[in-house]
Amino acid sequence: MRKLALVVSLSIPLFIAACTKTTTIGHAYFVSPANSSIYDYSIRQNNSSTGSSSTTENTLTLLSTLALPTTGTDFSLASDLAGKYLLVANNTTGALSTYTIDEAGALSTSAVATLNSPSGANPIGLTIDAAGRYVYVANSGTSNNSITQYTLDSTGALSLNSTLSLSNTIPNAIVSNPNKQVVYVLTGNTLISTYTISSTDGTLSLASTAESPVSTVGAYDLAISPNGQYAYVVTTTGIHQYSIASDGGLTEVSTPVALATGTAPYTIAVDPSNQSVYVTNTDSANISVYAIGTNGALTYQSAIAGSASDISSQAVNNRTEPQAAS
């Protein structure tokens, strides 16, 4: 008797279940002067796969709210890349405060260090260098346009190193490059000045590729991609993209991306995975999310309802949530 081998082909109706994996890749912090509060969001990466296809999308999830002890007309935030500290500058009082960040990304309930009488008054923005050693604060005010440099110690305390005068140039924002010893300062709503960081003491020197004109007035904030290759500037009408050369110099590379939703855009940040750009809109109280594609190009993705109507600053870091033991 002959044996028959039966081979079943699964070409008949086949249902392949979709698999989704969610991972926390960092945290985003937003501050509202209207509420004197900081909002902590986890940045969650959702990887979905069905058969041979897969998609990745990042989402923001509100975790907690921290009430600040003082009020102010404006606040600025900065976090180190590792996510150990969040620095808060009060534009009204001039105070610089340091909050610690725990393993889950939550902020300490009170500041671990506060500098109540810093060298510069009216801080409009601040940033921490890639190594987490130096803090640079842009100050704006009558006869006080400057950048003050501080050393950040292991306890979160700041000590003054130097002050760089900007003369009559008014700064709007400041950010460091995560992959280069470079700091960028947005001034007068229209120019980006590039400064190199001394490897010896962290002092700043104006680079030869100093001024990159922003083609639209009303530029409020700028952000650098985690790979250090692109800069994004948010203006009243759109987002400008720049490529970053090996020396830190900037070149505008594309037509500005029109703002898809929201009114009164004010701050911008790039998530740690280099996949999304977040723009806060103060009047419409929401956050616009843009996907980063080939060569750093942006495409509008979605809008997220904000927790407050007046966001003056945001900061992101690589702090991930601790993994459960297997």
Side-chain angles (χ1 to χ4, degrees), residues 26-33 35-41 63-141 144 146-164 171 173-176 178 183 185 197-198 201-204 267 269 311-320:
H27 281 255
Y29 304 92
F30 302 88
V31 61
S32 167
N35 297 338
S36 294
S37 298
I38 297 175
Y39 301 89
D40 171 20
Y41 286 78
L63 298 181
S64 63
T65 302
L66 175 68
L68 295 172
T70 58
T71 60
T73 57
D74 203 356
F75 292 96
S76 296
L77 302 178
S79 178
D80 58 315
L81 293 178
K84 294 176 60 179
Y85 301 110
L86 182 75
L87 272 60
V88 182
N90 187 322
N91 181 260
T92 302
T93 66
L96 305 175
S97 301
T98 304
Y99 290 80
T100 57
I101 303 174
D102 69 15
E103 290 186 351
L107 300 175
S108 55
T109 56
S110 60
V112 297
T114 298
L115 192 60
N116 286 308
S117 300
S119 175
N122 305 116
I124 196 67
L126 71 166
T127 189
I128 305 174
D129 79 318
R133 297 174 55 197
Y134 302 114
V135 175
Y136 302 93
V137 181
N139 306 290
S140 174
N144 186 48
S146 63
I147 301 172
T148 45
Q149 177 212 341
Y150 299 87
T151 297
L152 177 66
D153 70 17
S154 59
T155 69
L158 299 175
S159 56
L160 179 66
N161 279 2
S162 64
T163 299
L164 175 67
I174 186 170
V175 68
S176 59
V183 165
V185 180
I197 301 174
S198 167
D201 57 9
T203 54
L204 300 180
T267 73
I311 300 296
S312 67
S313 183
Q314 60 174 309
V316 298
N317 60 39
N318 296 332
R319 175 65 78 177
T320 58

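All residue numbers in this chain count up from 1 along the given sequence. All values reported here derive from a predicted model rather than from experimental measurement.
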Taking every heavy atom of Leu81 against every heavy atom of Ala130, the minimum-distance pair comes out as CD1-O, 4.0 Å

Val185 meets the side chain to side chain contact (heavy atoms under 4.5 Å, CB included) criterion, sequence neighbours left out, with Ile147, Pro171, Ile174, Val183, Thr187, Tyr195

OG (Ser36) and CZ (Phe75) are apart, to the nearest 0.5 Å, by 4.5 Å

(Q) Evaluate Leu164 against Tyr136 for side chain to side chain contact (heavy atoms under 4.5 Å, CB included), listing each step before the verdict. (A) CA-CA 10 Å; Leu164 175 67; Tyr136 302 93; over 6 Å; no

Taking every heavy atom of Pro123 against every heavy atom of Ser76, the minimum-distance pair comes out as O-OG, 4.4 Å

Sorted by chain and residue number, the ring-ring contact (aromatic ring centres under 6.0 Å, His included) partners of Tyr134 (sequence neighbours excluded) come out as none

By side chain to side chain contact (heavy atoms under 4.5 Å, CB included), Ser79 pairs with (sequence neighbours left out) Leu86, Ile101, Ala315, Asn317

dist Leu96:CG -> Leu152:CG (nearest 0.5 Å) comes out at 11.5 Å

Sorted by chain and number, sequence neighbours left out, side-chain hydrogen bond (donor to acceptor under 3.5 Å, both in side chains) with Ser198 holds for Asp201

Ser176 meets the side-chain hydrogen bond (donor to acceptor under 3.5 Å, both in side chains) criterion, sequence neighbours left out, with Thr127

CD1 (Ile124) and CG (Asn144) are apart, to the nearest 0.5 Å, by 11.5 Å

Applying ring-ring contact (aromatic ring centres under 6.0 Å, His included) to Tyr99 and not counting sequence neighbours gives none

By side chain to side chain contact (heavy atoms under 4.5 Å, CB included), Thr109 pairs with (sequence neighbours left out) none

Is a side-chain N or O of Ser108 found less than 3.5 angstrom from the main chain of Ala111, in a donor-acceptor match? no

- Begin from the C-alpha positions of Thr203 and Gln149 and carry the test side chain to side chain contact (heavy atoms under 4.5 Å, CB included) through to its verdict. CA-CA 7 Å; Thr203 54; Gln149 177 212 341; 3.6 Å; yes

**Study point:** Asn116 and Thr114: side chain donor to acceptor below 3.5 Å
**Key:** no

Residue set satisfying side-chain hydrogen bond (donor to acceptor under 3.5 Å, both in side chains) with Thr98, at least two apart, ordered chain then number -> none

Value for OH (Tyr41) from OG (Ser64), rounded to nearest 0.5 Å, stands at 10.5 Å

**Request:** For the pair Tyr150 and Leu115, evaluate side chain to side chain contact (heavy atoms under 4.5 Å, CB included) and give the outcome as yes or no after the intermediate values.
**Result:** CA-CA 11 Å; Tyr150 299 87; Leu115 192 60; 3.5 Å; yes

Handout entry: Ser146 side chain to Thr148 backbone, donor-acceptor under 3.5 Å
Key = no

Taken in chain and number order and not counting sequence neighbours, the residues that satisfy side-chain hydrogen bond (donor to acceptor under 3.5 Å, both in side chains) with Asp40 are His27

Worksheet item: Under 3.5 Å, is there a donor-acceptor pair between the side chain of Tyr85 and the main chain of Ser154?
Response: yes

Correct closest heavy-atom pair for Tyr29 and Gly105 would be OH-O, 2.6 Å

The reported gap from CG in Asp80 to CG in Asp129 (rounded to nearest 0.5 angstrom) is 9.5 Å

(Q) Looking only at side-chain N and O atoms, does Asn161 offer a donor or acceptor that is under 3.5 Å from a partner on Thr151? (A) yes

Across all chains, not counting sequence neighbours, the side chain to side chain contact (heavy atoms under 4.5 Å, CB included) partners of Thr92 are Thr73, Asn90

Q. For Leu126 and Leu77, what are the C-alpha separation, side-chain angles and deciding distance, and is it a side chain to side chain contact (heavy atoms under 4.5 Å, CB included)?
A. CA-CA 7 Å; Leu126 71 166; Leu77 302 178; 5.7 Å; no

In this structure, CG of Leu87 is separated from OG of Ser97 (nearest 0.5 Å) by 8.5 Å

